[in-house]
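Shown next, in structure tokens, is the structure this report addresses.
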There are 2 protein chains.
Amino acid sequence: MRRGRPRSFDRDAALRAATMEFWDRGFEAVSIADLTRAMGVKAPSLYAAFGDKKTLFEEAIESYVREFGGFIDRALEEEPTARRAVARMLHEAASWQTLPGYPRGCMLISAATNCTPQSNEIAQGLVERRNEGIAAVERRIAADVEAGILPSDTDAHALAVYCTVVLHGMAQQARDGVDRATLEIVAHTAMAAWPAETDDIPG
Amino acid sequence: MRRGRPRSFDRDAALRAATMEFWDRGFEAVSIADLTRAMGVKAPSLYAAFGDKKTLFEEAIESYVREFGGFIDRALEEEPTARRAVARMLHEAASWQTLPGYPRGCMLISAATNCTPQSNEIAQGLVERRNEGIAAVERRIAADVEAGILPSDTDAHALAVYCTVVLHGMAQQARDGVDRATLEIVAHTAMAAWPAETDDIPG
DNA sequence: GCCATTCTATAGCGCCCACTAGATAATGTG
DNA sequence: CACATTATCTAGTGGGCGCTATAGAATGGC
């Protein structure tokens with residue numbers, strides 16, 4: 001058995017509380033005092049359990065991605081075509097970005113936007129995660145082009161960037177107060193820009 | 001003539017320098033020390049000329065909107081239809097958001113994202129400016145619906161939000177490093193989602 | 001020349017930040 | 001029981017923040 005005095009708080013619950021704070025206001029705007037209050041844990045216990053503020057934030061990001069960000073990968077994996085995957089992704093984003101009782105928008109986008117030099121690596125990490133998201137969509141699109149489902153002259157990169165633009169723009173609008181129903185219409189509207197699939201062309 | 005010792009720096013140039021700082025990193029992440037360095041002005045002169053940090057930021061926003069944000073209103077005023085206005089707006093955004101030698105993206109979107117309570121009013125002011133942008137696009141769309149240029153079942157609000165989603169998403173992608181050419185394609189792609197204009201329907 | 005006025009420079013204010021030293025409490029092990 | 005180990009608490013640390021008191025420098029008015 002583990003020796004010494006046992007931890008008196010639920011580490012997972014505390015991490016979830018920290019994630020909500022960071023999601024809501026971002027890395028720099030949330031102070032250690034805010035975190036100890038929200039997590040119900042005094043500073044020394046926080047540092048003992050999670051390291052420093054950056055490490056805690058990174059763990060919060062992991063937790064966020066597991067719980068709220070998995071829908072993108074699931075859509076890309078489970079749907080039969082890139083088009084259906086993106087359509088599902090955008091519609092599910094409308095829900096996730098306006099969940100009642102949770103912060104609006106996407107933590108990967110808004111949690112490290114205004115950065116002092118000391119948190120540049122945090123911001124850089126999120127940029128890489130976002131760009132990896134684009135790359136995943138781009139690979140899915142390229143696969144459909146290869147398979148003849150999408151026209152051979154499709155610009156996979158630009159189309160993937162377009163999808164990401166809509167996704168990130170929706171997150172911004174969710175933060176600004178747009179409701180879920182409107183975002184659903186936006187998601188539907190956005191799909192009208194998707195190129196005609198080869199099967200759609202008669203003859 | 002104005003009495004007393006004359007100011008030894010160019011107030012407009014100093015304001016432009018401050019605007020660049022705020023545009024690049026946002027309200028909270030730019031310290032007074034950063035500003036005095038960038039503006040070439042010591043703190044007491046800065047406070048004498050611009051009031052406090054919030055007031056300076058607000059003036060920087062005004063300056064930014066005058067110099068870099070006017071293209072939206074111009075497009076909405078000068079183009080004959082909402083469609084052409086939005087198309088022009090998105091294409092010009094691709095340029096403005098990737099200007100060489102200037103920060104990427106849009107200051108109105110990214111300059112007050114991560115906020116401590118003391119800058120909530122700053123963030124709220126930007127939210128209102130952004131929502132006013134949506135409203136302006138929506139009015140232009142509604143006018144075209146009224147005029148029979150757009151289908152009568154057009155959801156003017158949702159379409160305006162879609163346009164804003166694309167605009168803001170482009171700004172985010174510009175910050176993440178997407179180049180102007182790709183954003184131009186994105187802008188063009190996005191317009192494919194625009195509803196068919198009534199004139200386009202034969203018969 | 002001399003004063004009132006206005007700007008500039010040095011130096012530092014109080015406050016909050018992320019973080020921690022040191023004492024104490026609660027456990028497993030013998 | 002005593003002891004090693006680990007967590008917790010109080011009470012800070014040094015440092016950067018926005019901002020400013022005070023003294024000195026540069027102007028116009030007389």
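Convention: sequence-line order gives letters A, B, ...; per-chain numbering from 1. What you see below is based on every heavy atom in this structure, not just the backbone, and it leaves out hydrogens, waters and symmetry mates. It should be emphasised that the depicted structure is a prediction, and the values quoted were computed from it without experimental measurement.
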Just how far, in rounded Å, is [atom2] of [N] from [atom1] of [X]?
X	N	atom1	atom2	value
D34(B)	dC17(D)	CG	C1'	11 Å
D52(A)	dC19(C)	CG	C1'	9 Å
Y47(A)	dT8(D)	OH	C1'	16 Å
R5(B)	dC3(C)	CZ	P	20 Å
R3(A)	dG28(C)	CZ	C1'	6 Å
I32(B)	dA11(C)	CD1	P	20 Å
M39(B)	dA9(C)	CE	C1'	17 Å
Q118(A)	dG15(D)	CD	P	15 Å

Exercise. At their closest point, which heavy atom of N114(B) faces which heavy atom of A29(A), and how far apart are they?
Worked result: C-CB, 3.9 Å

For this session: Output yes when at least one side-chain N/O atom of S45(A) is less than 4.0 Å from OP1 or OP2 of dT8(D), else no.
Result: yes

Exercise. Would you say S8(A) reaches dA7(D)'s phosphate, i.e. side-chain N/O to OP1/OP2 under 4.0 Å?
Worked result: no

Problem set entry | Earlier contact from the 5' end, DNA chain C, for F27(A) and K42(B) | K42(B)

From the list [options], which nucleotide is the closest neighbour of the side chain of [X]?
X	options	value
A33(A)	dC17(C), dG18(D), dA4(C)	dC17(C)
K53(A)	dC7(C), dT20(D), dA18(C)	dA18(C)
P44(B)	dT5(C), dA21(D), dG18(D)	dA21(D)

For this session: Check the pair E28(B) / K53(B) against salt bridge (Lys or Arg N to Asp or Glu O under 4.0 Å), numbers first and verdict last.
Result: CA-CA 10 Å; E28(B) 301 234 36; K53(B) 191 185 174 188; 6.0 Å; no

Is a salt bridge present between [X] and [Y], judged by a nitrogen-to-oxygen distance below 4.0 Å?
X	Y	value
D12(B)	R16(B)	no
K54(A)	E121(A)	yes
E78(A)	R88(A)	yes

For this session: Describe the nucleic acid contact of A43(B) in one word from base, sugar-phosphate, nothing, applying a heavy-atom distance below 4.0 Å.
Result: base

Exercise. So what does P6(A) hit on the nucleic acid, given a heavy-atom distance under 4.0 Å: a base, only sugar-phosphate, or nothing?
Worked result: sugar-phosphate

For this session: May I ask you to test the R130(B)-T164(B) pair for a side-chain heavy-atom distance under 4.5 Å?
Result: no

For this session: Hey, can you tell me if F68(B) and W23(B) have their rings parallel, tilted or perpendicular (30° and 60° cut-offs)?
Result: tilted

For this session: Output the residues of residues 17-26 of chain A in contact with DNA chain D, where contact means a heavy atom of the residue under 4.0 Å from an atom of the strand; sort by number or write none.
Result: none

Exercise. Taking the nucleotide of DNA chain D with the closest heavy atom to each, which residue, L46(A) or S31(B), is nearer the 5' end?
Worked result: L46(A)

For this session: Answer yes or no: does atom NE2 of H188(B) have more than 12 heavy-atom neighbours from other residues, nucleotides or ligands under 6.0 Å?
Result: no

For this session: Would you state whether a donor and an acceptor, one from the side chain of R7(A) and one from the base of dA7(D), lie under 3.5 Å apart?
Result: no

